[in-house]
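Here the structure is a predicted model, which is why all the values come from computation and not from measurement. So that the names make sense, note that chain A is the first sequence line, chain B the second, and so on, each numbered from 1.
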Amino acid sequence: MNLFAQTRDLVLAALDELVEERVLPEGLDFANVAVEPPRDAAHGDMATNAAMVLAKLAKMKPRDIAEALAPKLTAASQIESAEVAGPGFLNLRLAHGSWTKIVEAVLTDSRFGRSDLGQGAKVNVEYVSANPTGPLHVGHTRGAVFGDALASLLDYAGYDVTREYYISDGGAQVDVLARSVYLRYLEAHGQEVAFEDGTYPGDYLIAVGAALKDKVGDAYLDKGEQYWLSEIRDFATEAMMDLIRHDLKLLGVQMDTFFSEKSLYGTGLIESAIKSLDIKGLIYNGVLEPPKGKKPEDWEPREQTLFKSTEHGDDVDRPIKKSDGAWTYFAPDIAYHYDKVQRDYDMLIDVFGADHGGYVKRMKAAVSALSDGKTPLDIKLTQLVKLLQNGEPLKMSKRAGTFVTAADVVDMVGRDAIRFTMLTRKNDAPLDFDVDVVRQTNNDNPVFYVQYAHARVQSVIAKAQAEGMDMSDAALAQAARLDHDADVAVAKKLAEWPRLVEIAAKTNEPHKIAFYLSELTAKFNTRYSMGRDSDDMKFLQIGNTSESQAKIALIRAVAVVLSAGLGILGVSAPDEMR
RNA sequence: GCUCCCUUAGCUCAACUGGAUAGAGCAGUCGACUUCUAAUCGACAGGCUGAGGGUUCGAGUCCUUCAGGGAGCGCCA
């Protein structure tokens with residue numbers, strides 16, 4: 001039940017009538033006609049821009065259209081008044097009963113808020129995709145949490161979502177990993193080793209080296225790389241993926257599919273992906289211009305196999321083979337996305353870190369070329385996280401092996417606080433994450449604010465149940481009643497929920513959910529606090545079941561929506577906080 | 001040099017994708033706890049939306065120039 005959509009239908013019907021009566025000309029495009037909540041509540045419950053949108057097309061003054069439209073709308077029983085305002089807005093007030101119906105809908109319709117916006121379209125959301133060379137660090141956390149919430153949001157909005165992790169286990173970095181594990185393996189055998197540049201010195205590999213020793217004994221001692229590299233690579237990446245899966249679990253991040261880069265090699269998949277581009281005339285051998293300005297010392301022109309990505313919006317063509325004939329990292333990525341296109345998704349979303357910003361255009365070009373422009377790819381970049389403690393930066397240098405891991409941060413502040421904090425921000429803005437602030441349990445920290453509201457509602461309900469009152473959603477829906485302006489204000493906010501879900505899903509912006517939850521909580525707290533001044537305003541009326549049910553219906557509806565919203569964000573909705 | 005992102009109240013951020021007088025929290029000042037959980041609520045104060053130009057009924061939002069910050073720029077991923 002989406003009141004805004006319903007009201008928009010009324011507006012469109014009224015416009016059709018005006019066309020029939022020849023007040024408006026035929027053939028107008030109503031696509032831009034919107035019904036929105038007004039910025040200022042004093043303007044009414046909803047506003048439509050119909051008159052202004054149509055004025056130019058109809059060659060009429062906006063206010064004249066609005067004047068003609070108003071009586072048509074007030075004829076509908078749901079609309080109490082329609083008032084022309086400003087340059088041609090039509091401010092609508094809805095009948096009081098509309099708001100009570102919203103409360104009933106929340107309590108009786110388990111799908112309230114869910115949307116059929118997605119129409120079951122298949123969406124693939126790829127996120128995290130951290131290299132399998134160590135545990136997740138704070139930077140990964142943001143992409144993980146963002147991607148996870150985005151996937152949940154799209155699912156809630158009616159898409160058929162696949163959550164996918166791309167394991168980069170085919171490149172040089174896993175060779176480095178294997179060599180690093182070999183050193184730890186030698187160490188486990190009691191040898192002195194030195195970690196040179198280009199190896200991973202992190203402590204997390206000690207256990208892997210020891211496990212390798214348990215598995216193969218001394219088989220790899222005093223042997224050249226050719227005897228063990230491939231085996232240790234497999235062993236080590238599997239161990240790293242175990243670490244990462246564990247970290248994801250700590251963060252509450254779900255995955256449906258893990259796709260291995262390695263599976264693309266030796267199977268003809270890369271070759272067939274490139275061939276499909278070649279057939280389109282997008283593959284050629286050539287020499288790239290050197291980058292302007294900053295010319296590398298050792299730059300010299302070399303012929304490479306190139307992808308004509310400029311034909312699909314990129315700035316320069318991109319190499320898919322190195323000058324020695326090996327694939328570049330781009331080639332398996334093309335093959336991977338080719339595979340996704342083949343899997344028949346209606347939409348692809350990649351969540352990348354900011355350091356992959358330069359990669360966006362070529363990836364979009366590749367998908368556009370591979371799917372003949374049929375499969376849209378949206379790439380969401382998550383900007384850097386600056387981790388602070390007490391205002392001072394916490395270092396996270398992977399090279400030094402002292403980076404702050406995702407697990408560290410979960411230990412410090414907890415999963416709920418990380419997730420909510422990181423989602424209370426647009427993905428494309430940098431984020432200062434101060435662990436001291438996030439640990440505070442006050443208004444500075446919105447996660448507790450929202451969770452506390454949920455706990456308060458459940459506490460009232462628990463007390464009512466202890467009085468023997470029927471607090472089932474069905475009973476509450478039956479009794480629901482809005483007595484006070486503050487009640488209506490809360491219900492109006494609830495009415496915005498389905499609309500907000502659609503907007504957030506359309507724009508792939510889960511942070512809008514987090515802000516909405518804070519706003520709903522504020523409205524609820526305002527109403528709740530009235531019970532302090534006057535016993536009449538308390539929700540629980542001891543000894544009066546029907547009155548209690550009538551009042552509690554509203555706040556139970558709040559709890560239902562809070563719980564749904566927190567669920568999308570992957571944050572718990574506790575029944576108690578003491 | 002080029003590409004992408006960012007710049008909004010003292011601080012951290014919103015602004016429903018072009019709508020009406022740009023809003024919250026924190027910090028500041030004042031007020032409210034023998035609580036249906038004060039992890040809360042109420043009030044005051046705080047702005048040339050980095051700067052200039054353009055597009056139109058209407059711009060924080062779109063285009064453009066510039067300034068400042070960030071990420072990246074063939075044979076790393």
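Checked against B:C76, B:U17, B:G72, the side chain of A:Asp355 finds its nearest nucleotide in B:G72. For A:Gln304, counting side-chain heavy atoms from C-beta on, the closest listed nucleotide (B:C75, B:U56, B:C16) is B:C75. Closest contact between the side chain of A:Lys512 and the listed nucleotides B:A15, B:A77, B:C36 involves B:A15.
Rounded to the nearest Å, the gap between the C1' atom of B:C41 and that of B:G19 is 32 Å. Between B:C30 and B:G47, the distance separating the two C1' atoms is 23 Å to the nearest Å. B:C66 sits 32 Å from B:G74 when the C1' atoms are compared, rounded to a whole Å. Separation of the P atoms belonging to B:U7 and B:C13 is 10 Å when rounded to the nearest angstrom. Taking atom P in both B:C33 and B:G52, the straight-line distance is 49 Å, to the nearest Å. Separation of the C1' atoms belonging to B:U40 and B:G58 is 40 Å when rounded to the nearest angstrom. For the C1' atoms, the distance linking B:U17 with B:A27 amounts to 32 Å, nearest Å. B:G70 sits 31 Å from B:C26 when the P atoms are compared, rounded to a whole Å.
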**Request:** Check step by step if side-chain hydrogen bond (donor to acceptor under 3.5 Å, both in side chains) holds for A:Asn525 and A:Tyr452.
**Result:** CA-CA 10 Å; A:Asn525 279 334; A:Tyr452 181 56; over 6 Å; no

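Residue A:His511 is classed as a sugar-phosphate contact, given heavy-atom separations below 4.0 Å to backbone atoms only. Residue A:Lys463 is in sugar-phosphate contact alone, with no base atom involved, counting any heavy-atom pair closer than 4.0 Å across all strands shown. Using a 4.0 Å heavy-atom criterion, one finds that A:Gln451 contacts no nucleic acid atom at all. Using a 4.0 Å heavy-atom criterion, one finds that A:Val360 contacts no nucleic acid atom at all. Within the 4.0 angstrom heavy-atom criterion, no nucleotide atom of any strand lies near A:Ala464. Among the protein residues, A:Lys506 comes within range of no part of the nucleic acid, since none of its heavy atoms lies under 4.0 Å from any strand. Residue-level contact check: A:Arg425 touches the backbone only, with heavy atoms under 4.0 Å from sugar-phosphate atoms and none from bases.
Residue A:Glu576 is the one, among A:Glu576 and A:Thr328, whose nearest nucleotide of RNA chain B lies closer to the 5' end (criterion: closest heavy atom).
In this structure, A:Thr48 contributes its side chain and A:Ala34 its backbone to a donor-acceptor pair below 3.5 Å.
Taking the ring axis of A:Phe307 as reference, the NZ or CZ atom of A:Arg362 does not stay both within 45° of it and closer than 6.0 Å to the ring centre.
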